[in-house]
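Worksheet: the structure to be examined is printed underneath.
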Amino acid sequence: MTLRCKTQLFLGVILLSVLLILDILFTNFLITSAEQTDRERMTRDLSRTSVTLNGEVRTLSAIAGNWAYSDKAWDYMTGLNPDYPNIYLNRAVLTEIGVSSLIFIDNDFNVKFARDYSAPDDSSTPESEVAAIFSNQGEDIFKNLPVDGTSGIVMKGEEPIFFAVKHIRRSDKGGDQAGYLIATMALSPKMIHKITSGLHFTFAMEPVPQNDKGRELPNMILNTDPRNSFTTGRLLVRDHAGSPAFWISGISQNVDIKSAERELQILFSILAIAALFVVFLFGFFMKHQITNRMKRLQHEIEAIRDEASDARSITIDRKRDEIASIQRTLNDFMAFFDFKQGEKNKADDITISVYKRFAEAGRRLCMKTLEDIATAFSPGDEKFRATLVRGAAKARDFARENGFEEEDLIYIYLGALFSRMGMLSLPFSIRTKTSPLTPAELREYRKYPIKSKDFMEAIELLRPASALPYAWNENWDGTGFPQGLSGSAIPIQARIFAIADAWNEMMRPWPGRRIPSEDEVIERLRAQAGTRLDPQLVEKFIAFLKQQKY
């Protein structure tokens, strides 16, 4: 088998194998991503349901507090305002906000007043709700009632009831209590509609069987079966005593990926056909561009060897490729075969020198390319990106002043250049927001060093530099992110860049800003020492700035 045939066969096997592996990987990724999306959506919707239920309990507690901490309610319980229920307990308002009933109980646990405010389609009554509360450790609730009362969920048969219990006191919460106020809220169709609004699954409730209440039950159960077209999930809701009360069950349609799988298979089939066509063209190219020329070269060399020809040179093709280079090399070899060994060594020295120059030029080109990539893909305006190289260079020079080896300086420089690369994963609304971030946005923002680290570890050249972008947001006093490291637990490369970045930010110009003086910069750096920055390195950096004449 000729070299051309072997090359064609090898190339065909490699291309088809790569396509097969890519097909398997992309298909598995598609299936895994769809399954993960289904599970995350179900988890999110169940969690939203739990949050909504807890919100309704807190809302009921707040409503109960408004009625319980009232001078008029206190007067009513002490007999000074007997007309209080008829005047101040507005049925329309309480029914609209979802309150099922209000019950006033004196200090001897006697019901003094109870009224039903539930909707017409709600069969719950104040008496049944009070009975449900007292049957579920109700007396313990009143005996151990905190100052601000309590709230939670209690089961009335198979129906969950939200309740809140408050001391009845004056509006300033002073003086003796005049009894207790119980506010209840049934899980009405209106509330269920509110809870399920915007969810992606079919909502259902299932009471926990009595024999399961003594067992340790998981808070959430998810079931995603690739053979089925839907995902099911169950969220456990506990009553006020922490016992399992009922399950919230949901079922949602899975993401349909069949059409995407079919299109993916068609794509890879087309690529396989294209790969075979490329292999054929490659063999045709090798025959006319390599095989025929190599045969001619072989015949000329054999003729020279056998002295069958007076010509002692090789025909050089008018092409700029490896075969033409071989032809020229053979001619050079025969022309300079008798050169002295010393001249050969001299030629070797020249070759090494040229190689070193090319290697140095390649290193500079590689570093310049990385700088361009870092500045092009870092978030911020052009003036901000233009200062990235200056900050990275300052961190590298300061690290050199602290005795780092040349290889470590390169990785410090690269880590500083790509320190903000992870911000590209943040939503655009967070990156461009000028007002303070919300807690949720702040949590999302503090994930970007992890994304920076993942990006750099995915590239072999940048992997040794990943520690700096991952940890440079850590503060000396432990208030930073993403891990909350403090002191010497923070990698020294990250501590060095944190100082250089602070200096770079102070020296970054923008319209209307005055560049601070040397004394102002030193004062601001020292102000951050011990909180944001390493105090010892800050003093060394200040000495380094003075040594460089600022």
(request) State, yes or no, whether a side-chain contact exists between Leu222 and Leu46 at a heavy-atom distance under 4.5 Å. (result) yes

(request) Search all heavy atoms of Ala502 against all heavy atoms of Leu525 and return the closest pair with its distance. (result) CB-CD2, 4.2 Å

(message) Just to verify, what does Asp71 make a side-chain hydrogen bond (donor to acceptor under 3.5 Å, both in side chains) with, not counting sequence neighbours?
(response) Ser171

(message) Any non-hydrogen side-chain atom of Leu370 less than 4.5 Å from a side-chain atom of Leu461?
(response) yes

(message) Treating Lys451 as the side-chain partner and Leu424 as the backbone partner, does any N or O pair qualify as donor plus acceptor under 3.5 Å?
(response) no

(request) Mark yes when over 12 heavy atoms from residues, nucleotides or ligands other than Asp454 sit less than 6.0 Å from its CG; otherwise mark no. (result) yes

(message) For the OG1 atom of Thr37 and the CZ atom of Arg44, what is their distance to the nearest 0.5 Å?
(response) 9.5 Å

(message) Between Glu406 and Arg400, is there a side-chain heavy-atom distance shorter than 4.5 Å?
(response) yes

(request) Assess Arg524 against Trp503: is NZ or CZ under 6.0 Å from the centre of the six-membered ring, and within 45 degrees of the ring's axis? (result) no

(message) Do Ile153 and Phe163 make a side-chain contact, defined as non-hydrogen atoms from C-beta onward lying under 4.5 Å apart?
(response) no

(request) Before accepting this row, confirm whether a basic side-chain N of the pair Arg508/Glu505 lies closer than 4.0 Å to the acidic partner's carboxylate O. (result) yes

(request) Could you check if a side-chain atom of Glu518 sits within less than 4.5 angstrom of a side-chain atom of Leu545, using non-hydrogen atoms only? (result) no

(message) So, using salt bridge (Lys or Arg N to Asp or Glu O under 4.0 Å) as the criterion, who are the partners of Glu539 when residues are at least two apart?
(response) Arg526

(message) So does Thr387 get a backbone contact from the side chain of Asn504, meaning a donor-acceptor N/O pair under 3.5 Å?
(response) yes

(message) Salt bridge check, Asp45 against Arg41: does any charged N sit closer than 4.0 Å to a carboxylate O?
(response) no

(message) Taking CZ in Phe26 as the centre, count heavy atoms belonging to other residues, nucleotides or ligands within less than 6.0 Å. Is the count above 12?
(response) no

(message) Between Thr27 and Asp23, is the side-chain hydrogen bond (donor to acceptor under 3.5 Å, both in side chains) condition met? List the steps.
(response) CA-CA 6 Å; Thr27 302; Asp23 186 11; 3.2 Å; yes

(request) Calculate, to the nearest 0.5 Å, the distance between atoms CD and CG belonging to Gln547 and Asp397 respectively. (result) 11.0 Å

(request) Report yes or no: does Asn475 contribute a side-chain atom to a donor-acceptor pair with the main-chain N or O of Asp477 at less than 3.5 Å? (result) no

(message) Give me the atom names and distance for the closest heavy-atom approach of Ala73 to Trp67.
(response) CB-O, 3.3 Å

(request) Take Leu537 and Asn402 through the test side chain to side chain contact (heavy atoms under 4.5 Å, CB included) and record every step on the way to the result. (result) CA-CA 9 Å; Leu537 287 179; Asn402 282 272; 4.2 Å; yes

(message) Can you pull out every ring-ring contact (aromatic ring centres under 6.0 Å, His included) where at least one residue sits in residues 389-408? Sequence neighbours excluded, please.
(response) Phe398-Phe541, Phe398-Phe544

(message) Tell me if a side-chain donor or acceptor on Glu474 pairs with a main-chain N or O of Gly484 at a distance below 3.5 Å.
(response) yes

(request) Can you measure from CG (Leu426) to CZ (Arg446) and round to the nearest 0.5 angstrom? (result) 13.0 Å

(request) Return yes if some donor-acceptor pair links the side-chain N/O of Thr531 with the main-chain N/O of Gln528 below 3.5 Å, else return no. (result) yes

(request) Calculate, to the nearest 0.5 Å, the distance between atoms OH and NZ belonging to Tyr448 and Lys453 respectively. (result) 15.0 Å

(request) Taking the side chain as every heavy atom from C-beta outward, state whether Thr184 and Val99 have any atom pair closer than 4.5 Å. (result) no

(request) Considering only NZ, NE, NH1 and NH2 on the basic side and carboxylate oxygens on the acidic side, decide whether Arg396 and Asp408 come within less than 4.0 Å. (result) no

(request) Determine, stepwise, if the pair Phe246 / Leu236 fulfils side chain to side chain contact (heavy atoms under 4.5 Å, CB included). (result) CA-CA 6 Å; Phe246 61 93; Leu236 180 64; over 6 Å; no

(message) Here's a test for you: under side chain to side chain contact (heavy atoms under 4.5 Å, CB included), which of Leu20, Ile14, Leu15, Ile21 qualifies with Val18?
(response) Ile14

(request) Look at the rings of Phe418 and Phe455 and say which category their plane angle falls in: under 30° parallel, 30 to 60° tilted, over 60° perpendicular. (result) tilted

(request) Return the minimal non-hydrogen interatomic distance between Leu468 and Ala416, and the atom names on each side. (result) CD2-N, 3.8 Å

(request) Mark yes when over 12 heavy atoms from residues, nucleotides or ligands other than Glu457 sit less than 6.0 Å from its CD; otherwise mark no. (result) yes

(message) Among Arg420, Lys394, Arg495, which residue satisfies the salt bridge (charged side-chain N to carboxylate O under 4.0 Å, His left out) criterion with Asp501?
(response) Arg420

(message) Quick check against the 3.5 Å criterion: does Ser61 have a side-chain atom that pairs as donor or acceptor with the backbone of Arg58?
(response) no

(message) Salt bridge check, Lys447 against Glu444: does any charged N sit closer than 4.0 Å to a carboxylate O?
(response) yes

(request) Looking only at non-hydrogen atoms, find the nearest pair between Leu485 and Ala489 and report the distance. (result) CD1-O, 3.8 Å

(request) Using atom types as modelled and distance alone, determine if a side-chain donor or acceptor of Ser452 lies under 3.5 Å from a backbone N or O of Gly422. (result) yes

(request) Please round to the nearest 0.5 Å and tell me the distance separating atom CZ of Phe428 and atom NZ of Lys433. (result) 14.0 Å

(message) Given 3.5 Å as the limit, does a donor-acceptor pair link the side chain of Ser466 with the main chain of Arg463, or not?
(response) yes

(message) Quick check: closest heavy atoms across Ile496 and Ala395, and the distance to 0.1 Å?
(response) CG2-O, 3.7 Å

(message) A side-chain contact here means heavy atoms from C-beta on lying under 4.5 Å apart; do Val208 and Met155 qualify?
(response) no

(message) Between Glu206 and Arg234 (salt bridge meaning N to carboxylate O under 4.0 Å), is one present in this structure?
(response) yes

(message) Can a side-chain donor-acceptor contact be found between Tyr180 and Asn107 if the only test is distance below 3.5 angstrom?
(response) no

(message) Counting C-beta onward and ignoring hydrogens, is there a side-chain heavy-atom pair between Leu271 and Phe268 closer than 4.5 Å?
(response) yes

(message) Using side chain to side chain contact (heavy atoms under 4.5 Å, CB included), reason through Met507 and Ile515 one step at a time and then give a plain yes or no.
(response) CA-CA 6 Å; Met507 302 302 292; Ile515 300 299; 3.6 Å; yes

(request) Supply the atom-to-atom distance Glu441 CD to Ser435 OG, rounded to the nearest 0.5 angstrom. (result) 7.5 Å

(message) Any side-chain to backbone donor/acceptor pair from Asn223 onto Thr231? Under 3.5 Å, distance only.
(response) no

(message) Restricting to non-hydrogen atoms, name the atom on Ala183 and the atom on Ala64 that form the minimum distance, rounded to 0.1 Å.
(response) CB-CB, 3.8 Å

(request) Examine distances only and state if a side-chain atom of His167 and a backbone atom of Lys173 form a donor-acceptor pair shorter than 3.5 Å. (result) no

(message) Could you walk me through whether Met220 and Leu235 satisfy the side chain to side chain contact (heavy atoms under 4.5 Å, CB included) test, starting with their C-alpha distance in whole Å, then the side-chain angles of each, then the deciding distance to 0.1 Å, before giving a yes or no?
(response) CA-CA 5 Å; Met220 186 179 295; Leu235 177 70; 3.7 Å; yes

